Amino acid sequence: MAHQLLLRASSQLLTLRGGVSRRGKALRDVGLVRDGGLLIRDGRIAAVGKQSEVERAWKKLPPKERRATREVDAGGRVVLPGFVDSHTHLIFPASRANEYEQRIAGASYQGIARAGGGILSSVRKLRAASAADLKQRALANLRQFAAHGTTTVEAKSGYGLDAASELKILRLHRELVGANFSSPAAANSRRRQPLDIVSTFLGAHVVPPEYKRNPDAYVDLLCRKIIPRVAAEGLAEYCDVFCDRGAFTVAQSRRILTAARACGMKLRLHAEQLARTGAARLAVELHAASADHLEKVSPADIRALAKSDVTCTLLPGCCFHLGLQHYAPARALIDAGAIVALATDFNPGTSPTMNMQMVLSLACTQMRMTPAEAIAAATINAAYSLGRAHRIGSLQAGKDADLAIFDVEDYREIPYYFGVNHCWMTLKRGEIACQRQ
Ligand code: NIG
Ligand code: FE
């Protein structure tokens with residue numbers, strides 16, 4: 001017999017129905033339904049709309065199925081599609097709180113990196129860490145993502161930078177889907193890790209120390225050995241490159257991404273974060289799925305991105321955490337017609353947060369996105385950038401029942417009351433992934 005769940009009594013239900021790659025004014029269209037309800041059958045949305053309509057659909061079910069229906073009373077809260085966090089560095093060995101303190105005292109992110117800290121300090125620790133330890137840490141972090149209303153995360157490797165360590169990370173991406181939580185007694189969660197993970201290979205994060213004198217030899221290793229191996233084992237759907245000052249040049253990035261595409265991977269790019277290098281244009285040239293960061297894009301880059309199908313994934317948590325004033329030009333990108341998404345960039349160096357609600361707050365106050373635009377960017381457009389907009393990112397019949405319920409009366413209050421976790425319940429494919437007591 002099918003499993004049913006009937007959700008009632010939301011004050012606002014944001015369906016995000018309509019187009020799957022939102023540009024310009026369409027980004028504001030959140031498909032708001034007042035007094036909304038939702039019927040879930042076997043993990044998929046069977047009906048969504050006014051509570052009265054959804055109840056009519058439910059009444060048409062056979063009596064046996066009606067009796068077996070689980071009911072959730074949203075109690076006048078706000079229902080959204082679960083957040084799709086389309087840019088995270090999920091697996092890393094330890095925090096870098098020491099560098100946080102150094103930066104507060106005046107050191108810069110790039111200065112710390114040049115002195116061998118930054119990404120390379122995470123690499124040293126990750127190479128020494130056991131897969132079991134990394135897995136426990138990732139499980140704890142995934143629990144936090146779910147607790148804040150996220151139902152799908154993209155996850156990048158990139159703290160290994162040698163074949164064995166990169167494969168260790170990518171295999172964990174696979175293992176973590178449906179993995180058992182070690183302490184089933186932990187409150188607020190099912191025993192199995194419920195979130196979906198989209199795996200991205202970021203072996204080109206920075207040049208590892210052993211290739212410091214010959215970065216092109218590392219590019220060769222990536223193109224000839226590691227990328228084909230990752231592809232052969234089916235360990236990553238996407239390949240990403242940190243194309244920036246202090247990381248990889250546009251020419252090196254082009255080689256790496258072309259090799260990855262030849263092996264069947266789709267492409268993403270860290271672009272124009274620290275310096276304007278031409279990485280955004282490379283993303284357009286290679287028809288990448290996403291160009292991420294974009295703090296330093298030029299007006300001509302904005303025009304090129306707007307004409308393309310590349311999703312512009314903005315990561316305001318980085319500027320916030322690094323204490324930088326210059327955020328990505330979200331308004332100009334949206335108004336020019338680019339496809340804009342938002343993500344956390346969860347990582348130990350520049351954005352240690354799993355909280356998409358805080359990312360919405362930053363998008364609104366620092367980048368002048370409206371709450372509606374920010375929510376569409378964090379759901380349907382992010383799903384589009386991951387090639388999953390047909391399954392997730394909006395609440396429509398037939399799609400996965402991935403949703404989050406927030407303890408507010410008006411969706412604008414989610415970014416408005418900032419720095420607070422408003423998430424009351426998260427459902428993944430119709431199962432309660434976590435619930436606040
Ligand atoms: O997206 N820019 C490169 N990668 C990360 C930072 C990684 C780190 O500092 O550990 C980012 O900001
Ligand atoms: Fe990143």
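Both ligands and their constituent atoms are indexed starting at 1 by order of listing. Fair warning: this is a prediction, and the values are worked out from it, not measured in the lab.
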Short N or O distance, S122 and ligand 1, threshold 3.5 Å exclusive: no
Check this for me: F320, atom CZ, are more than 12 non-hydrogen atoms of other residues, nucleotides or ligands nearer than 6.0 Å? no
Within 4.0 Å of some non-hydrogen atom of F242, the atoms of ligand 1 are 2 (N), 3 (C)
Short list, please: which atoms of ligand 1 are under 4.0 Å from a heavy atom of H87? 1 (O)
Is it true that, when you exclude R23 itself, more than 12 heavy atoms of the residues, nucleotides or ligands shown sit nearer than 6.0 Å to its CZ? yes
Hey, what's the angle at the Fe ion (ligand 2) spanning NE2 (H270) and NE2 (H87), nearest 10 degrees? 90°
Considering heavy atoms of the protein only, find what lies nearest to atom 11 (C) of ligand 1 and give residue, atom and distance to 0.1 Å. D345 OD2, 3.1 Å
Applying the side-chain contact (heavy atoms from CB on, under 4.5 Å) test to V198, which of V84, D85, L386 qualifies? L386
Checking side-chain polar atoms at under 3.5 Å, does D240 have a donor or acceptor matched by the opposite partner on H270? yes
Angle class for the H87/H293 ring planes (parallel below 30°, perpendicular above 60°, tilted otherwise)? perpendicular
Would you say S122 and R96 are linked by a side-chain donor-acceptor pair, where the criterion is simply a distance under 3.5 Å? yes
To check your reading of the site, what angle at the Fe ion (ligand 2) do NE2 of H89 and OD1 of D345 form, to 10°? 90°
Does a sphere of radius 6.0 Å around CD in E233 hold more than 12 heavy atoms from other residues, nucleotides or ligands, not counting ones at 6.0 Å or beyond? yes
Atoms of ligand 1 less than 4.0 Å from N347 heavy atoms? 5 (C), 6 (C), 7 (C), 8 (C), 9 (O), 10 (O), 11 (C), 12 (O)
Contacting atoms of ligand 1, where contact means under 4.0 angstrom from a heavy atom of I119: 7 (C), 8 (C), 9 (O), 10 (O)
Shortest protein heavy-atom distance from atom 4 (N) of ligand 1, along with the residue and atom involved: H205 NE2, 2.9 Å
What protein heavy atom is closest to atom 6 (C) of ligand 1, reported as residue, atom name and distance in Å? Y109 OH, 3.4 Å
Do side-chain atoms of Q12 reach the backbone of V78 as a donor and acceptor pair under 3.5 angstrom? no
Could you tell me whether ligand 1 has any atom less than 4.0 Å away from a heavy atom of Y159? yes
Within ligand 1, which atoms have a heavy atom of T350 less than 4.0 Å away? 6 (C), 11 (C), 12 (O)
Is there a donor in the side chain of T353 and an acceptor in the side chain of N355, or the other way round, less than 3.5 Å apart? no
Quick one: nearest non-hydrogen protein atom to atom 2 (N) of ligand 1, plus distance? Q273 OE1, 3.0 Å
